[in-house]
Amino acid sequence: MRKPSDLPPLSFRHKDDLAFHRALQQAANGYLQEKGDHRFANAKVYLKNTLLILACFSCYFLMMTSQGGITFFIGYPLFIFFALLLAINVVHDASHNAVFRHGWANRWLNFWVTIPLGLDPDCWRVRHILFHHTHTNIRHYDLDIEENFLLRQTPYQRWYPFMRWQHLYWPLIAAMTFPALIWGYDWFDRFHFTRVAPKMRHQGAKGICLFLLSKVLHLCLALLLPYGFLSPYGIGIGTLLTVYLFSQMLASLIFVVLILGTHWAKATFYTAPESGRMAQGFYTHTFSTTYDWQTTPKWLTYWLGGLNLHLTHHIFPNWHHRHYPALANIIQQTAAQFDMDYHCVDAKTLWRYQQLFLKRMGTGEGVIS
């Protein structure tokens, strides 16, 4: 078996989806022309993002001036929560160059907006766009489904007896995702312990300096400054680290629930052929691995950055999420014309599918070497 580092580039049978692609693009472009609009963010989005930044740093100010009282234990998690909403609403779109027209502006925005949460924007961009989006649910190619020996996510992964309870303990693993990324995988990626580093935008000393700068700024903002202000009031480093970890874990759990269940629920996984040419087209592959799901109430979709319309995002990754509800309708209508299997389920149904999948994987079902 080939090592992951030796895997060939993947390609899809685009001719199989060509007619669907043309119809979909024609409908999407027609939608923009009818509205006299563009695919990027607009003034309303800038206002929303400004409100999220103000909310984030208002909670930070509240926490910093709490003098160690109950306000600290409320303000700090809220600070990280709004940092998460910034990542969902700003970083996600900017990574896909969907906020501004110019790539440099999106990269500049990402560098500063990721500091409160602590994720490295370039590491996340490579993992999310270059590995996950282009190879969704494909063994060895999609880093989001790499084997972690704690949670069995695909039939291609090893089974251990404790995994029969993974449908119960998976939220704990999900909650550890951000701490693991911020203080583990980001560092492994940047310093060439994974396949991510060669694909990063900045290499060598420049890349390392920008990486270290972002981590130092996060460390100062999230830990050193609060410790300096609040240690005279009894908030020691142990308390601060505990609240920091709790806040990151809560944000991580929310994010993983929003995004990962859309791929688990479909429960379709692939292993790439030796030739590197998949047997299906890109759209067929995306429909077979990803769900859209609907929030209740529906206006939550706007504040969740459209992450629940995840199939829509995978098909139109370079469009700002403000367009996702309209694009989802276009996908549904076009899919019906071509007998494509489009589904938009409610949150309860998605949760049920996700739990059934985890239970099946937890029993050792379908083990494939």
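Worth saying up front: this structure is predicted, and the values here are computed from it rather than measured. Positions are given from 1 along the sequence.
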I need the [X] [atom1] to [Y] [atom2] distance, nearest 0.5 Å.
X      : Y      : atom1 : atom2 : value
Ser247 : Phe79  : OG    : CZ    : 9.0 Å
Tyr270 : Thr289 : OH    : OG1   : 7.0 Å
Gln203 : Asp122 : CD    : CG    : 8.5 Å
Ile80  : Cys56  : CD1   : SG    : 7.5 Å
Asp339 : Phe20  : CG    : CZ    : 11.0 Å
Ile331 : Leu311 : CD1   : CG    : 5.5 Å

Indicate the atoms forming the closest heavy-atom contact of [X] with [Y], along with that distance.
X      : Y      : answer
Pro179 : Ala175 : CD-O, 3.6 Å
Ala27  : Thr334 : CB-OG1, 4.5 Å
Leu10  : Met278 : CD2-SD, 4.1 Å
Thr134 : Phe12  : O-CE1, 3.6 Å

**OP:** Evaluate the criterion side-chain contact (heavy atoms from CB on, under 4.5 Å) for residue pair Arg158 and Glu147; output intermediate values, then yes/no.
**Re:** CA-CA 8 Å; Arg158 279 165 283 193; Glu147 191 166 15; 3.2 Å; yes
Are more than 12 heavy atoms from other residues, nucleotides or ligands located less than 6.0 Å from atom [atom1] of [X]?
X      : atom1 : answer
Phe338 : CZ    : yes
Trp183 : CH2   : yes
Tyr31  : OH    : yes
Arg22  : CZ    : no
Gln25  : CD    : yes
Tyr185 : OH    : no
Phe193 : CZ    : no
Phe191 : CZ    : yes

**OP:** Test Phe357 against Phe269 for ring pair (Phe, Tyr, Trp, His ring centres under 6.0 Å), laying out the working first.
**Re:** CA-CA 12 Å; Phe357 163 71; Phe269 300 89; 5.6 Å; yes
Expected output: side-chain [X] to main-chain [Y] donor-acceptor under 3.5 Å:
X      : Y      : result
Arg152 : Met361 : yes
Asn110 : Pro121 : no
Arg39  : Asn318 : yes
Thr290 : Phe287 : no
Thr349 : Val345 : no
Lys215 : Trp187 : no
Thr239 : Ile235 : no
Trp293 : Thr262 : no

**OP:** Go through Asp17 and Thr284 one step at a time and tell me if the side-chain hydrogen bond (donor to acceptor under 3.5 Å, both in side chains) criterion holds.
**Re:** CA-CA 7 Å; Asp17 290 332; Thr284 302; 3.1 Å; yes
Under 4.0 Å between a Lys/Arg side-chain N and an Asp/Glu carboxylate O for [X] and [Y]?
X      : Y      : answer
Arg125 : Asp120 : no
Asp93  : Arg322 : no
Arg195 : Glu146 : yes

Quick one: sort the [X] and [Y] rings into parallel, tilted or perpendicular, breaks at 30° and 60°.
X      : Y      : result
Phe40  : His38  : tilted
His313 : Tyr324 : tilted
His102 : Trp104 : parallel

Aromatic ring proximity [X]/[Y], centre distance under 6.0 Å:
X      : Y      : answer
His92  : His320 : no
Tyr291 : His310 : no
Phe316 : His323 : no
His133 : His314 : yes

Do you reckon [X] sits in the same ILVMFWY cluster as [Y], going by side-chain contacts under 4.5 Å, direct or chained?
X      : Y      : value
Ile129 : Ile315 : no
Tyr227 : Met63  : yes
Leu143 : Leu181 : no
Met163 : Leu172 : no
Trp299 : Leu52  : yes

When you check the side-chain N and O atoms of [X] and [Y], is any donor under 3.5 Å from an acceptor?
X      : Y      : result
Asp292 : Thr312 : yes
Tyr233 : Ser66  : no
His285 : Gln280 : yes
Gln355 : Trp170 : yes
Asp142 : His135 : no
Thr268 : Asn137 : no

Subject >> Trace of the side-chain contact (heavy atoms from CB on, under 4.5 Å) decision for Tyr160 with Leu150 >> reply: CA-CA 9 Å; Tyr160 300 97; Leu150 296 173; over 6 Å; no
Subject >> Aromatic Tyr353 / basic Lys266 pairing, under 6.0 angstrom, 45° off normal >> reply: no
Original post:
On the ring face of Trp165, is Lys359 found with NZ or CZ under 6.0 Å from the centre and within 45° of the axis?
Top reply: no
**OP:** Mind running side-chain contact (heavy atoms from CB on, under 4.5 Å) on Gln153 and Asn148 for me, showing each step along the way?
**Re:** CA-CA 9 Å; Gln153 301 183 73; Asn148 58 33; 3.9 Å; yes
Original post:
Checking side-chain contact (heavy atoms from CB on, under 4.5 Å) for the pair Met200/Asp189: CA distance, chi angles, key distance, verdict?
Top reply: CA-CA 9 Å; Met200 288 183 176; Asp189 290 346; 3.7 Å; yes
Subject >> Single hit among Phe246, Tyr244, Phe255 for ring-ring contact (aromatic ring centres under 6.0 Å, His included) with Phe178 >> reply: Phe255
Original post:
Is there side-chain contact between His21 and Leu24, with at least one heavy-atom pair below 4.5 Å?
Top reply: no
